[in-house]
Trainee: 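Please find one structure pasted underneath; my questions will follow.
Remember, it's a predicted structure, so these values are computed and weren't measured experimentally. Chain identifiers are assigned alphabetically (A, B, ...) following the order of the sequence lines, protein sequences preceding nucleic acid strands; residue numbering begins at 1 within each chain.
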Protein chains: 2
Amino acid sequence: MTDEPSDEDWSPPLVMLAVDLVILTVRERTLRILLVERGVPPFAGMLALPGGFLGDEAEDVRLAATRELAEEAGLDATTLHLEQIGAYGAPARDPRGRVISVAYLAIAPRLPDPVPGSDAADARWEPATAVLSGQLPVAFDHREIIADGIEQARAKLEHTTLATAFCHENFTITELQHVYEAVWDLRLDPRNFARKVRRTEGFVAPAGTPRRTGSGRPAQLFQRGEGRVLYPPMTRATTATVTGTPGEETAG
Amino acid sequence: MTDEPSDEDWSPPLVMLAVDLVILTVRERTLRILLVERGVPPFAGMLALPGGFLGDEAEDVRLAATRELAEEAGLDATTLHLEQIGAYGAPARDPRGRVISVAYLAIAPRLPDPVPGSDAADARWEPATAVLSGQLPVAFDHREIIADGIEQARAKLEHTTLATAFCHENFTITELQHVYEAVWDLRLDPRNFARKVRRTEGFVAPAGTPRRTGSGRPAQLFQRGEGRVLYPPMTRATTATVTGTPGEETAG
DNA sequence: CGAATAGTGTCTATAAGACATTATACT
DNA sequence: AGTATAATGTCTTATAGACACTATTCG
């Protein structure tokens, strides 16, 4: 970011700035993403990521994301994990003009269905695989954004404790395993999984009530531990795909 | 990204879009970053990342990055590894007005010094640690961007073959080890390192000339392999820091 | 021959993968 | 009792960490 002008009174072009939200949760042992049905053109009637334009010129980008999280999804950002995915800036990605979108990844525990009549009336939890496969079409370049966001979540599950963000305050080891299985779309061995989780310093900590619901033996309850990093990492035997850079291909 | 207006003729605020480049290389066994001395306010005389505004309204963001790479650093993007770091959008990050910056990470092999009198006349390779420690001050929020970029590179060295992007077409195992040591700022055992590299499928492949320079035994030459992913990963014994989301803090 | 750098081998400790059994609840 | 889920243990194998020796060049 240095001097620009060879021309003396050149001034930079102006663009519109949007935020888009990839909000993930686990329901019915399946990774799901929150999509909204668009009410207006372009892509009216089609499913798209929740999001919107920067509210005003002074609004912080991340704040815009938390605002849209509340407005479009009825979710409280202070409860959720929220991190940036990246910027998407292809010139023709929005027919309305030059729109740069900053995408965010949000992770939510299982939530009640969006209430009809509320802010998030037209929001739906759709299976991630349906979107990734292209079976369920989405507006704009949102499929690419979704793919990047999901891969980011998948990767972070390997070497961070992010999985706990999919869980409520108290959870069982089995529930945590279901998170891994849903996000990675594979099965894990419960014995090896439990061993890994319990022996990894700071991943989970025992929680109050030592028992719970059910038809079988009651499970121990846990809460998030202090640690953020998993070392050694949790491994998904499936050889991982290396993720490109958000918004475009990697050169050279 | 859905409907916005409760107001009928509301229109989104316009912002300026910039790109900033974190260009890394290894020199004298040290990780270094390319910085330029600013010629004009704000922050005139201070070191800053190479970069600039979007050239025109139709320019792709990534293209703007490759253009600045050529203009400000005299580097050819087709040769280099280039990937996005993220978007930085704090409202007051640039005194000139509302500027959103998309930061890119570029990895270059050891290059000749910037030629005085060329495009990159005021460019300098500075040690990464000096910037990270704050000992060498930089303009804007560039220190944060640099920290994120370097951490991204450090993390990618663990589970991808990115290290080869720091090397020329042909390189020795020892040179590759120096890359890891410089980027991670630690020492590795040459025997274990060589074993790891040679046994990891697709990391490196033997290259033509089986010998080379020097005062000791000539080293075998290698080139990048086909693989992009390192599995199992290369480990930096030092417990890693979990990287936040670019441009802002992670919420609850 | 000595100095310098490259390359290889062995032992050990840690952790992952595969797998079976016991424990505690419910009906 | 029978069923369902939770919890734990053992054996094997892969790989990282620590460490010492041999090989090939140059002067």
Side-chain angles (χ1 to χ4, degrees), chain A residues 29 157-159 163 167 170-181 184 186-223 227 229-240, chain B residues 29 157-159 163 167 170-181 184 186-223 227 229-240:
Chain A
R29 309 273 298 259
L157 250 53
E158 291 189 70
H159 49 266
C167 299
N170 289 344
F171 52 88
T172 68
I173 301 274
T174 304
E175 284 164 1
L176 189 61
Q177 180 179 339
H178 291 339
V179 170
Y180 275 93
E181 292 182 333
W184 284 350
L186 46 73
R187 301 295 106 167
L188 297 171
D189 182 284
R191 305 170 286 237
N192 295 337
F193 181 82
R195 176 183 60 193
K196 174 71 181 175
V197 171
R198 279 187 279 100
R199 295 213 183 150
T200 300
E201 182 80 19
F203 195 174
V204 299
T209 339
R211 61 175 48 214
R212 212 163 107 148
T213 99
S215 63
R217 175 176 172 175
Q220 295 280 111
L221 284 182
F222 296 87
Q223 55 187 332
V229 178
L230 254 38
Y231 183 79
M234 186 81 69
T235 57
R236 37 174 173 175
T238 310
T239 303
Chain B
R29 311 271 300 259
L157 250 54
E158 291 188 69
H159 49 265
C167 300
N170 289 344
F171 53 88
T172 69
I173 300 273
T174 305
E175 284 165 1
L176 189 62
Q177 181 180 338
H178 291 340
V179 170
Y180 275 92
E181 293 182 332
W184 285 350
L186 46 73
R187 302 296 105 168
L188 297 171
D189 182 283
R191 306 169 286 238
N192 294 338
F193 181 82
R195 176 183 62 192
K196 175 70 182 177
V197 171
R198 280 188 277 100
R199 294 211 184 151
T200 300
E201 181 80 21
F203 195 173
V204 298
T209 340
R211 61 176 47 214
R212 214 163 103 143
T213 103
S215 64
R217 172 176 175 176
Q220 294 281 113
L221 285 182
F222 296 87
Q223 54 186 334
V229 178
L230 254 38
Y231 183 80
M234 186 80 69
T235 56
R236 40 174 171 175
T238 310
T239 303

Trainee: Quickly work out the Glu175(A) CD to dA7(D) P distance and round it to whole Å.
Mentor: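 In whole Å, dA7(D) P lies 11 Å from Glu175(A) CD.
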Trainee: Below 4.0 angstrom, which residues in residues 189-199 of chain A have at least one non-hydrogen atom near DNA chain C?
Mentor: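 Per residue number, the list reads Asp189(A), Arg191(A), Asn192(A), Arg195(A), Lys196(A).
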Trainee: Side chain of Gln220(A): nearest nucleotide among dA7(D), dT5(D), dG7(C)?
Mentor: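 The listed nucleotide nearest to Gln220(A)'s side chain is dA7(D).
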Trainee: Distance check, rounded to the nearest 0.5 Å: Thr200(B) atom OG1 versus Arg195(B) atom CZ?
Mentor: 10.5 Å
Trainee: Show the nearest heavy-atom pair for residues Leu157(A) and Met234(A), with the distance to one decimal.
Mentor: O-CB, 4.1 Å
Trainee: Taking all heavy atoms of Phe222(A) and all of Val204(A), pick out the closest pair and write down the distance.
Mentor: CD2-CG2, 3.7 Å
Trainee: I need the CD1-C1' distance between Ile173(A) and dT8(D), as an integer number of Å.
Mentor: 12 Å
Trainee: Check whether any side-chain nitrogen or oxygen of Thr235(B) sits under 4.0 Å from OP1 or OP2 of dA16(D), and answer yes or no.
Mentor: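 Indeed not, no polar side-chain atom of Thr235(B) lies that close.
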Trainee: Can you establish whether the number of heavy atoms outside Arg187(B) located under 6.0 Å from its atom CZ is more than 12?
Mentor: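 Yes, enclosed.
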Trainee: Looking at every non-hydrogen atom in both residues, tell me the closest pair between Ala163(A) and Tyr180(A) and how far apart they are.
Mentor: CB-CE1, 3.4 Å
Trainee: Round to the nearest Å and state the distance from Phe171(A) atom CZ to dA6(D) atom P.
Mentor: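 Those two atoms, CZ and P, are 14 Å apart.
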Trainee: What are the two closest non-hydrogen atoms of Ile173(A) and Phe193(A), and how far apart are they?
Mentor: O-CE2, 3.6 Å
Trainee: Nearest whole angstrom, please: distance from the P of dG17(D) to the CZ of Arg236(B).
Mentor: 13 Å
Trainee: Rounding to an integer number of Å, can you tell me how far Glu201(B) CD sits from dA14(D) C1'?
Mentor: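 So the CD-C1' distance, Glu201(B) to dA14(D), works out to 16 Å.
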Trainee: Rounded off to whole Å, could you give me the CZ-to-P distance for the Arg187(B) and dA18(D) pair?
Mentor: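 Those two atoms, CZ and P, are 15 Å apart.
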Trainee: Does the side chain of His178(A) reach to within under 4.5 Å of the side chain of Phe171(A), using non-hydrogen atoms?
Mentor: no
Trainee: In whole angstrom, what separates Arg217(B)'s CZ from dT22(D)'s C1'?
Mentor: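 In whole Å, dT22(D) C1' lies 8 Å from Arg217(B) CZ.
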Trainee: To the nearest Å, how far apart are Leu221(B) CG and dT5(C) C1'?
Mentor: 14 Å
Trainee: Please find the pair of heavy atoms, one from Gln177(A) and one from Leu188(A), that lie closest to each other, and give the distance.
Mentor: NE2-O, 3.0 Å
Trainee: Between the two end axes of the helix from dC1(C)-dG27(D) to dT27(C)-dA1(D), each built from 5 base pairs, what angle do you get to the nearest 10°?
Mentor: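 Both end axes considered, the difference amounts to 10°.
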Trainee: I want to check one thing: is the phosphate of dA6(D), taken as OP1 and OP2, less than 4.0 Å away from some side-chain N or O of Thr174(A)?
Mentor: yes
Trainee: Looking at every non-hydrogen atom in both residues, tell me the closest pair between Ala207(B) and Gln223(B) and how far apart they are.
Mentor: CB-N, 4.0 Å
Trainee: Measure from the side chain of Pro218(B), starting at C-beta and using heavy atoms only, and say which of dA15(C), dA6(C), dT24(D) lies closest.
Mentor: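 The answer is dT24(D), which lies nearest to the side chain.
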